[in-house]
Amino acid sequence: MVQRYDPHTIEPKWRARWEADNLYHAADDDPRPKWYALTMFPYPSGDLHTGHWYAMAPSDVAARYKRMRGFNVMFPMGFDAFGLPAENAAIKRGIDPRDWTYANIDRMRGQLRLMGASFDWERELVTSDPDFYRWTQWWFLELYKHGLAYRANAAVNWCPGCQTVLANEQVLDGRCERSDDIVERKFLTQWFFRITQYAEELLRFDGIEWPESIRTRQANWIGRSEGATLSFAVDAPGIDDRLTVFTTRPDTVFGATFMVLAPEHPLVARITTPAQRAAVDQYIAATGRATEIERLSTEREKTGVFTGAYAVNPFNGARIPVWIADYVLVTYGTGAIMAVPAHDQRDFEFATKFGLEIVPVYSHQSIDTAAPLAAAFPHGDRMINSGDFDGTPEAEASAKLVAFAQAHGLGESTVTYRLRDWLISRQRYWGAPIPMIHCERHGIVPVPEDELPVLLPEHVTFQPTGQSPLTEIESWVNVPCPIDGGPARRETDTMDTFMCSSWYQIRYADPHNPERPVSRDAAHQWLPVDQYTGGGEHAVMHLLYTRFFWKAARDMGVVEGDEPMKRLFNQGVILGPDGNRMSKSRGNVVAPDDQVAKWGADAFRCQLMFVGPWDQGGPYNPTGMAGIVRWLNRLWSLVVEPVSRGKAEADATRALRRATHQAIRATTEELEHFRFNTLISRLMEHTTAMQRARDAGAVDPAAWDEAVKTAVLLTAPLAPHIAE
RNA sequence: GCGAGGAUGGCGAAAUUGGUAGACGCACCAGCCUUAGGAGCUGGCGGUUAACACCAUGGGGGUUCGAGUCCCCCUCCUCGCACCA
C-alpha cells in the first residue's frame, strides 16, 4: 500500500528530526567555505504574519541552495526586542514590557519553527537580553571613546504620541515613522552619533551588490552638495559678528540683494533692531508653532520679517537688508543664505512679495535682463553686473569666484551634506540604558566597562511624561561617580532601538562570547554577511545606520572590510487577497498558522513564491494554492509509486533526460537570481515530463532514477519536508 | 515639480543579446472516473472567423527582414525625493 502525500504527517516528523540532529547549526570549525545568509530579524509583535513568511521563506530557499552547493551556511534568527509597542502594552494593559515581549517571543519562536526554515537556533539572540545589550552599551562607550558619540543641544524632532525624540530618518513627511503623529520641533540636549563623519564614505558602494534604488535613496538622503561658504560683515553699530552662508552658486554673489536667516539662527536676537524687535519676536513665535509639515509645504506662500539689520556684500560693498524667513532651515548649511532673486526662484518669490531688489548677474540669449524679470532664471550665458568678473561664462564662473574669495579671505569652497548626525536618545523605558553618568564635579562620566551591563530596572511605573520612566526610580538613578565615588546620577534616556539592529549581524558570528561583542576569529570567519534579505523600507534607517556602524567598528579594529553586507535583496510587500495591506480591520488577513494547518508548510512556502517575482510583492492568491498542492501531489506520486521499468522508446528516454537536465540548469540559474516563481514553473514542467514518460509505458530505469533523484534534489530548497 | 519603475488573456504572470507573444499556474468549459470531493485524470481556453486568415503586449508615430523588447511623443499607475540655498 503506497502512502498518500500527507504534509501533516511528514512535516512535523522531519522538523523534529532536523532539530534532534542539530542539522542546521553552522559550526565554526567546518572546513567548507562559509556563507552567511541573513534575513532581517522580526520585532516580537506577538504574531508571526504572512509578511514574515514572505520575507523569510525565500531567504531560507536561498540558504538551503547554498548549503547544497557545498557551503558552510550560517542562517541565524533572533528578535529585535526593544521598542515602543512593549511599552505601550504596559501603559494600556498594565503588562510589564519584559513579560509582554518574552511571551511574544516564545509564541513566535514556535510559529517560526513551522516554516521548516534552516535557522541555526543555537545562535539565536534577543536584543533585550542583558547578554546582548551589555554589548550594545559597550559599543556606545567605544563610540564615545572614539569621539563618535556626543551630547549636544540641538533642534530635534519630538513625537508627541511616542513622547520621545526621533532621529531625522524616523520622520516621514513630517510625521513619526511609527505612530504617524505630526512631529514637533524642540531644542533639547541629546546624545548623537557622528554619522556625518562617514558621509563621504557612505556615498560609495564599492564592492557590494545592493539594489540601485537603495543606493540612490541613501545618496539622496546624504545629500552631498558642493559649493562655497561666504562670509558677510554685519553692518550694525557695536556688532562685529559675520554672517556665513553656504551657497552652491558663489558665481551669483553679485546678485545677492538681501540675506535670509532661519528664525532660529543664533544671531537673530543680536542683530535685530529695536524698531523691528516686536515683529521679529512675533514671527519667531509663529514659526515655532508651525509644524514641520506646514513649514516645508512648497505651495505655501513665502513669509518673513525684516530684522532691521544690514550686511555688506563683500564683493561689491553693497549694503543689503537681513531678513528672517522660515523657508531657510536652521538645520542645513549655516542656517543662513545670501538671496539671489534673479537666479533662484524661492528668493525671487520672496523678493517679489516684499519689494526687494532683483539684480540679474548673467546675460541670457532669450531674456531681456534690463527689463523686470517674470521669474528667476538659474542659468545664463556670461556674467554681468559683476565688476571685474563681467563676461565670464557660467561654466568658469564659480571656480573663479571661489578662488577670489579664498585669496581675499572672504570664503572657501565647501561641501555640505543634508545628512544630520544620528540622534539616539529616547525618553523611553524599554531600550538599552545609555551607559553614562552625570556628575556635578566631573561632568559626563562613562560607566566603567566592567560594570556593564547597566541593567534596566524592573517593576517600573509608566506615565508618559516626556521623560524617561527611569527618571522616577531614585534608587537606580543615584549612583556614585566612577571617578571619586561622590553623588552622581545616571543618564536616564535609553538608546534608539535601531542601535541594536545596527550590529546584531556581528553578534550572530559569536553569540555567546562573554568577553567581547565578537572575537577576532569569529569575525574573520563569518563576517561580513554574504547575502542580506529584507524590506526596502529600511533604506535610510537600518540599512544606512548599519553601514555607518560597521565602518566605525572597522576603525575600532573590531571587524575587517568596509561593508557589512555584500549582497542585498529587497523583497516586495505581500498584500491581502484584495490587494490591500493585510489588517484585521479589513478582514483580509492570511494567517500562516492557518495555511500550514490546511495545506502544510511546503505548500504555503511554494505558493508565496509562486504568486510573482519576489521583489514585486503583490496580492496573495488563495485560490492558486490548488495548483501548488496538485503539483506536490503529482511529485509525490511519481516518486513513491511504482512504475513499469523496462525497455523504453529511445525518443521517450531522450525526452525525459533532456527535461531533467533542463530542469537542473534552470534551477541553478533561477536560484542565483531569486526568481522563485519561474523556478517553480520549471519544476512543474519537469514533473509533467516525468508523468508523460511514465504514462508512455515502460521507463528506462537509469533515466527514470535520474529524473526522480533530480526532482527531489531540486525541490529540496523550496519544499524541504516533502523532499526529505 | 524632480527622479526611478511599470502598463502583456477573466486573474497572477512568462518571454537570453530584437527572432513562433501568453511558458507555468488559477479560474472557466467539455469529457472521463468515482463510496459526489474544496478529490483525481484527459482535452480546450487572447480576439474576430465555419474555415482560411486577419488582428492583438496602455495610445500614437518611427527604426528593422523581423519590435512586448530599440527610438520619439502622449495617457495612466506605483514608489522614492521634495523650499537643502
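Values below: all heavy atoms of this structure, side chains included; hydrogens, waters and symmetry mates excluded.
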Exercise. Touch check for A:Arg418, heavy atoms < 4.0 angstrom, all strands: base, sugar-phosphate only, or nothing?
Worked result: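 Base, at least one base atom sits under 4.0 Å.
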Gap in Å between the two [atom1] atoms, one belonging to [N] and one to [M], rounded:
N      : M      : atom1 : answer
B:rC45 : B:rC33 : C1'   : 23 Å
B:rG58 : B:rU8  : P     : 6 Å
B:rU64 : B:rG68 : C1'   : 16 Å
B:rA56 : B:rA7  : C1'   : 15 Å
B:rC73 : B:rA13 : P     : 29 Å
B:rG18 : B:rU57 : C1'   : 15 Å

Exercise. Can you say whether the rings of A:Trp422 and A:Phe548 are parallel (under 30°), tilted (30 to 60°) or perpendicular (over 60°)?
Worked result: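 A:Trp422 and A:Phe548: perpendicular rings.
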Exercise. So A:Phe498 and A:His538, would you call those rings parallel, tilted or perpendicular, with 30° and 60° as cut-offs?
Worked result: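 Judged by the thresholds at 30° and 60°, the geometry between A:Phe498 and A:His538 is perpendicular.
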Just checking [X] against [Y], ring centres under 6.0 Å apart?
X        : Y        : value
A:Phe258 : A:Phe350 : yes
A:Phe604 : A:Trp599 : no
A:Tyr545 : A:Phe193 : no
A:Trp614 : A:Phe676 : yes
A:Tyr362 : A:His379 : no

Problem set entry | Listed partners of A:Tyr5 passing ring-ring contact (aromatic ring centres under 6.0 Å, His included), at least two apart |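 ring-ring contact (aromatic ring centres under 6.0 Å, His included) list for A:Tyr5, sorted by chain: A:Trp636.
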Problem set entry | Per-nucleotide protein contact string for nucleotides 5-28 of chain B (B base, S sugar-phosphate only, - none; heavy atom under 4.0 Å) | -------BSS--------BBSSS-
For this session: Starting at the 5' end of RNA chain B, write a dot or bracket for each base, bracketing those in Watson-Crick or G-U wobble pairs whose two distances are under 3.5 Å and using | for partners on another strand.
Result: (((((((..(((......[....))).(((((.......))))).(((....)))..(((((..]....))))))))))))....
Problem set entry | Results of side-chain contact (heavy atoms from CB on, under 4.5 Å) for A:Asp594 - residues two or more places apart only |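 Expected list: A:Ala591.
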Problem set entry | Earlier contact from the 5' end, RNA chain B, for A:Thr216 and A:Ala336 |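 Looking at RNA chain B, the more 5' nearest nucleotide goes with A:Thr216.
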Exercise. Should we count CZ of A:Arg657 as having more than 12 external heavy atoms under 6.0 Å?
Worked result: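 Not buried by this count: 12 neighbours or fewer within 6.0 Å.
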Nucleotide N/O to protein N/O under 3.5 Å, stretch nucleotides 68-70 of chain B:
none

Problem set entry | Strand-adjacent residues in residues 224-233 of chain A, judged by heavy atoms under 4.0 Å from RNA chain B |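 Only A:Ser225 qualify.
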